[in-house]
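Report on one structure; see the data block that follows.
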Amino acid sequence: MDVVNESAVSDFVLLGLSKSWELQTFFFVVFSLLYVATMVGNSLIVITVIADSHLHFPMYFLLTNLSIIDMSLASFATPKMITDYLSGHKTIAFDGCITQIFFLHLFTGTEIILLMAMSFDRYIAICKPLHYASIISPQTCVALVGVSWVVGVMHSMSQVIFALTLPFCGPSEVDSFFCDLPVVFQLACVNTYVLGLFMISTSGIIALSCFILLFSSYVVVLVTIRNHSSKGTSKVLSTCTAHFIVVFMFFGPCIFIYMWPLSSFLIDKILSVFYTIFTPILNPVIYTLRNQEVKIAMRKLKNKLLNSNKATPLHYF
């Protein structure tokens with residue numbers, strides 16, 4: 001990359017969520033537990049889908065990839081924030097800040113397209129069930145996942161290139177627990193109004209457009225379900241409801257932050273916690289609690305592991 005940044009700032013200070021020692025201790029405990037739960041829960045989904053042949057279907061293939069992205073999204077900044085609470089060292093190098101921006105937009109951009117792919121899968125399954133096998137083939141699923149990562153890379157590269165062209169001459173305090181363009185560009189030595197328009201025209205409008213498209217698809221699906229009432233209606237409705245909860249919790253904060261990049265830092269902090277810490281854990285919670293097939297597969301996997309441990313003799317030397 002030939003883009004050269006002539007910034008006089010070599011490090012940024014991450015102010016975090018609060019300066020209160022009591023609140024920092026509280027955040028350390030809560031976010032540590034949430035991070036561990038996110039990694040364990042999503043890993044369990046990935047292992048269960050891979051291990052159980054009954055789950056080798058397009059919906060669960062996409063769900064597995066969503067779990068991988070959620071683990072990545074939870075890991076780009078949360079571990080550093082947790083260790084910062086322990087060490088008290090809250091600085092991040094300029095290159096580290098740019099790296100966080102890259103991975104944040106890589107994983108969020110990829111997840112947006114993957115959620116659209118999951119919505120497309122449910123739309124075809126419900127509205128065109130007779131053509132489902134021919135439209136949503138294994139090759140199609142792999143292509144959809146590949147496209148989601150390609151779009152994520154392209155989107156993140158555009159954000160990084162934009163960030164590298166900004167001149168930073170001080171101050172260097174980032175009023176958040178990670179680096180993202182809405183807070184970082186306000187430290188640049190240029191007119192932030194023009195930059196705000198850029199934010200709205202790229203990330204904000206893209207997120208809003210994708211959300212409207214997803215919302216419209218779920219409306220069509222729900223209307224189809226209502227018009228074709230059957231024995232499996234409650235199961236389909238439960239699956240679609242779970243999908244939409246994830247979509248709303250993910251897109252809501254993103255749309256607000258990027259459509260109003262000059263909004264209150266406090267509101268941005270709260271919303272940032274939602275889509276980087278809470279949303280990744282919603283995936284295993286919602287899909288395991290509301291999906292009977294996944295719960296049965298997990299129960300079978302647990303019994304299999306317990307039986308294999310009982311069958312293995314212990315040798316004492």
Side-chain angles (χ1 to χ4, degrees), residues 5 7 9-47 66-111 152 156 159-160 163-164 166 168 170-187 249-250 253-254 257 264-285:
N5 182 276
S7 172
V9 176
S10 59
D11 297 280
F12 290 103
V13 178
L14 300 175
L15 298 181
L17 298 174
S18 174
K19 294 182 180 179
S20 168
W21 184 86
E22 292 80 6
L23 281 177
Q24 289 186 21
T25 304
F26 172 77
F27 290 144
F28 168 76
V29 174
V30 172
F31 293 154
S32 296
L33 292 175
L34 287 175
Y35 179 71
V36 172
T38 298
M39 301 306 288
V40 172
N42 282 289
S43 297
L44 188 58
I45 287 180
V46 174
I47 294 170
L66 180 63
S67 291
I68 293 172
I69 294 174
D70 279 337
M71 287 190 286
S72 303
L73 183 60
S75 300
F76 89 97
T78 306
K80 174 173 172 52
M81 177 182 62
I82 293 171
T83 55
D84 284 350
Y85 284 137
L86 284 176
S87 64
H89 180 76
K90 297 184 178 182
T91 61
I92 183 171
F94 180 83
D95 292 341
C97 188
I98 296 298
T99 301
Q100 282 194 343
I101 292 174
F102 173 81
F103 282 115
L104 171 63
H105 286 271
L106 170 64
F107 299 137
T108 52
T110 303
E111 182 157 340
S156 61
Q159 303 299 299
V160 166
L164 288 173
L166 297 177
F168 295 97
S172 60
E173 292 184 339
V174 177
D175 196 6
S176 183
F177 62 96
F178 66 90
C179 289
D180 192 14
L181 279 180
V183 288
V184 171
F185 83 75
Q186 297 189 44
L187 303 178
M249 293 298 293
F250 178 78
C254 288
I257 290 174
S264 168
F265 279 125
L266 177 60
I267 296 176
D268 285 352
K269 285 182 180 181
I270 296 172
L271 294 177
S272 295
V273 169
F274 262 93
Y275 79 88
T276 59
I277 297 177
F278 286 116
T279 300
I281 201 174
L282 282 177
N283 182 21
V285 169

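Just so it is clear, the values below take in all heavy atoms, side chains as well, and ignore hydrogens, waters and symmetry mates.
The shortest heavy-atom contact between Pro280 and Asn42 is O-ND2, 3.0 Å. When all heavy atoms of Thr78 and Thr276 are compared, the pair lying nearest together is OG1-O, 4.2 Å. The heavy-atom pair separating Leu73 from Phe76 by the smallest distance is O-CD2, 2.9 Å. When all heavy atoms of Ala163 and Ile98 are compared, the closest pair comes out as CB-CD1, 3.8 Å. For the residue pair Lys90 and Leu15, the shortest heavy atom distance occurs at NZ-O, 4.4 Å. Pairing each heavy atom of Ser18 with each of Gln24, the nearest pair is O-NE2, 2.9 Å.
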Exercise for the section: Take Leu17 and Leu23, measure what side-chain contact (heavy atoms from CB on, under 4.5 Å) needs, and give me the verdict at the end. Expected result: CA-CA 9 Å; Leu17 298 174; Leu23 281 177; over 6 Å; no
Practice task
Show your working on side-chain contact (heavy atoms from CB on, under 4.5 Å) between Lys80 and Leu14 and close with a plain yes or no.
Solution key: CA-CA 10 Å; Lys80 174 173 172 52; Leu14 300 175; 3.8 Å; yes
Exercise for the section: Report the C-alpha distance between Phe168 and Phe12 in whole Å, list the side-chain angles of each, state the deciding distance to 0.1 Å, and finish with yes or no for ring-ring contact (aromatic ring centres under 6.0 Å, His included). Expected result: CA-CA 10 Å; Phe168 295 97; Phe12 290 103; 5.6 Å; yes
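Atom-to-atom distance recorded for Ile92:CD1 and Thr99:OG1 is 7.5 Å, nearest 0.5 angstrom. Between atom CG of residue Asp180 and atom NE2 of residue His105 there is a gap of 4.0 Å, rounded to the nearest 0.5 Å. To the nearest 0.5 Å, atom OG of residue Ser156 and atom CG of residue Leu104 are 9.5 Å apart. To the nearest 0.5 Å, atoms CD1 (Ile281) and CG (Leu33) are separated by 9.5 Å. One finds the CG atom of Leu86 at 7.0 Å from the OG atom of Ser32 (value rounded to the nearest 0.5 Å). A distance of 11.0 Å separates CZ in Phe107 from CE in Met71, rounded to the nearest 0.5 Å.
In the displayed structure, Phe102 atom CZ is contacted under 6.0 Å by more than 12 heavy atoms of other residues, nucleotides or ligands.
Phe26 has its side chain out of reach of Glu22: every pair of non-hydrogen atoms, C-beta onward, lies at least 4.5 Å apart. Proximity of Ser72 to Phe103: side-chain heavy atoms (C-beta onward) are nowhere separated by under 4.5 Å. The shortest side-chain heavy-atom distance between Met81 and Ile277 falls under the 4.5 Å cut-off. Using a 4.5 Å heavy-atom cutoff, the side chains of Thr108 and Phe250 are in contact. Side-chain contact between Glu111 and Asp70: present, with at least one pair of heavy atoms (C-beta onward) separated by less than 4.5 Å. By the 4.5 Å heavy-atom criterion applied to side chains, Asp11 and Phe94 are not counted as neighbours.
Taking the centre of each ring, Phe27 and Phe177 stay at or above the 6.0 Å mark.
One N or O on the side chain of Thr279 and one on the backbone of Phe274 form a donor-acceptor pair closer than 3.5 Å.
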